[in-house]
Amino acid sequence: MKVLMTADSVGGVWTYALELGGALGRRGVQVTLATMGGRLRADQERELRGAGIGRVHVGEFALEWMDEPWEDVDRAGDWLLRIADDVEPDVVHLNGYSHACLPWPAPVVVAGHSDVLSWHEAVRGAAAGPEWDRYRDAVGVGLAAADLLAAPTRALLRALVRLHEPRCPTRVIPNGLDRRPPVRPKEPLVLGAGRLWDEAKNAASLVRVAPRLPWPVALAGDGEVGDGVRALGRLDREQMDDAFARAAIFAAPARYEPFGLAVLEAARGGCALVLGDIPSLREVWRDAAIYVRPDDHAALERQLGRLIEDDELRADYAHRALARSEVFTAGRMADAHLDAYRAVTRRRAAA
């Protein structure tokens, strides 16, 4: 089977695409990856070389959720169709929405990872305004043409169905990772990840309570953090894995997190988890994490303090998180996608 898969170099879709593409390749699938969103960093090029993906095309096109992206979206569509003419894929796997309406030569699986409209509701507490009408229309037209919509959680899938009313079949296919952080002695350290200005990740809440905690707090990601927090800046994959391996606690008090690959990486690294109390994170982590309402700073401070002071409690939650993380492997993710690919190709053949 040959699969043409899109990706972007900006966020968690990058990690997802490399993990899925590599796992599919190990199952005999010929994956061609077409990345957009900007030029690859040196560390991303290194990751790409180690991923085991056969063919890669890099395009510096703006993504559909960026400011005024539509000329780039159109140019990217022409570029993708030229790649498809060369590859002759059996399935097109899009990690975005608007390009699903292109005249593809094969059935189209759209994987939803997030969405501006659901982000706006969760983070701003209101529907997205008219400035997002063109985005709303482009997503709707794309999904109307898709053969299947997949999402990593039921929570995100419900939001996408409610907001965009796709007519195609839908599936929940959880994300997964096979990569593991190295084993390191745990340090008295609370780790967070995310740009300080990102309201969805809500790293600002962790920064706010950090000066009152008995342990140091470190934050990986761009942005100034002020006193009381160790700013790690942007870390490459090896550096991030090392941070997960050393930190005893990982805090992600998110307002919006459709799945949370960083949380999965932290769990694989043996961290106890303190997470935002939102449906998607509850769905993924069940009783393997401690939850706090995203804007309840007192609760965040209290729950982090409990884990810091109680070695047995912290070890218990780290064990729970590690055990739960074993459900979410790249192999299982690849097998579920292969089943989806076969379903759409059977339906297309029978039509």
Side-chain angles (χ1 to χ4, degrees), residues 3-26 30-67 69 72-73 75-76 79-80 83 87 93-96 111 113-114 175-184 191-198 200-201 203 218-225 229-247 250 252 259-266 268-269 330 333:
V3 174
L4 171 59
M5 182 185 301
T6 63
D8 70 67
S9 59
V10 179
V13 173
W14 173 257
T15 300
Y16 160 90
L18 294 193
E19 288 282 335
L20 177 57
L24 288 170
R26 293 189 291 275
Q30 298 177 42
V31 177
T32 298
L33 189 65
T35 76
M36 295 170 282
R39 187 172 300 176
L40 300 184
R41 304 188 306 270
D43 60 296
Q44 289 178 313
E45 291 179 347
R46 289 195 300 272
E47 288 182 83
L48 195 52
R49 287 193 293 271
I53 295 172
R55 301 172 65 183
V56 180
H57 300 262
V58 179
E60 298 182 33
F61 302 104
L63 304 170
E64 60 198 19
W65 50 266
M66 294 178 171
D67 291 335
D72 265 17
V73 169
R75 291 194 302 114
W79 175 70
L80 290 169
I83 295 172
V87 172
H93 177 131
L94 299 178
N95 289 303
H113 298 278
S114 63
N175 293 342
L177 297 169
D178 281 345
R179 190 188 67 256
R180 292 177 179 276
V183 177
R184 299 272 192 273
L191 178 66
R195 303 170 183 90
L196 189 60
W197 48 261
D198 188 342
K201 302 295 185 186
L219 184 66
D222 296 330
E224 298 293 329
V225 297
V229 177
R230 187 189 312 166
L232 302 179
R234 175 184 287 172
L235 303 182
D236 64 24
R237 176 49 48 207
E238 290 185 2
Q239 293 169 324
M240 199 71 231
D241 283 347
D242 184 67
F244 287 131
R246 291 186 295 105
F250 182 73
F259 181 85
L261 280 171
V263 182
L264 179 55
E265 291 172 302
R268 289 281 177 86
M333 175 174 62

* Pair Phe259 + His113: ring centers closer than 6.0 Å -> no
* Student check: side-chain heavy atoms of Trp14 and Glu47 closer than 4.5 Å -> yes
* **Interatomic distance, Leu94 atom CG to Leu4 atom CG [nearest 0.5 angstrom]** => 7.5 Å
* To do: Using atom types as modelled and distance alone, determine if a side-chain donor or acceptor of Glu64 lies under 3.5 Å from a backbone N or O of Val73.
  => no
* Would a 4.5 Å heavy-atom cut-off, applied to side chains only, mark Arg46 and Asp236 as touching? -> yes
* Glu19 and Ala330: which non-hydrogen atoms are nearest, and at how many Å? -> OE1-CB, 3.5 Å
* Asked: Minimum heavy-atom separation for Ala17 to Leu33, with atom names?
  -> CB-CD1, 4.1 Å
* Hey, is Arg179 close enough to Asp241 for a salt bridge, meaning N to O under 4.0 Å? -> yes
* Is the shortest heavy-atom distance from the side chain of Ser9 to the side chain of Gln44 under 4.5 Å? -> yes
* **Asn95 vs Asp8 side-chain heavy atoms within contact, under 4.5 Å** => no
* **Residue that, paired with Leu177, satisfies side-chain contact (heavy atoms from CB on, under 4.5 Å) out of Thr15, Leu18, Leu20** => Thr15
* Structure fact -> Closest non-hydrogen atoms of Gly38 and Val58, given as atom of the first, atom of the second and distance, are O-CG1, 4.3 Å
* Candidate pair Leu24 and Met5, rule side-chain contact (heavy atoms from CB on, under 4.5 Å), full reasoning -> CA-CA 11 Å; Leu24 288 170; Met5 182 185 301; 4.0 Å; yes
* Are the side chains of Met240 and Leu191 in touch, meaning some heavy atoms are under 4.5 Å apart? -> yes
* **Approximate separation, where rounding is to 0.5 Å, of Thr6 OG1 and Trp79 CH2** => 9.0 Å
* Closest approach of Tyr16 to Ala111 (non-hydrogen atoms, all atoms of both residues) -> OH-CB, 3.7 Å
* Asked: Do His57 and Thr32 come close enough that some side-chain heavy atom pair is under 4.5 Å?
  -> yes
* To do: Using a strict cut-off of less than 4.0 Å between a Lys/Arg side-chain nitrogen and an Asp/Glu carboxylate oxygen, indicate whether Asp242 and Arg184 qualify as a salt bridge.
  => yes
* Asked: How about Arg41: does its CZ atom have over 12 heavy atoms from other parts shown lying under 6.0 Å from it?
  -> yes
* Asked: So do Met36 and Val10 actually touch side chain to side chain, heavy atoms under 4.5 Å?
  -> no
* Structure fact -> Note: Asp178 and Arg26 closest approach over all heavy atoms is OD2-NH2, 3.2 Å
* What's the spacing between Leu48 CG and Thr35 OG1 if we round to 0.5 Å? -> 7.5 Å
* Charged N to carboxylate O under 4.0 angstrom, Glu60 versus Arg75? -> no
* Does the side chain of Leu232 come within less than 4.5 Å of Gln239's, by heavy atoms? -> no
* To do: Taking all heavy atoms of Gly194 and all of Ala203, pick out the closest pair and write down the distance.
  => O-CB, 4.1 Å
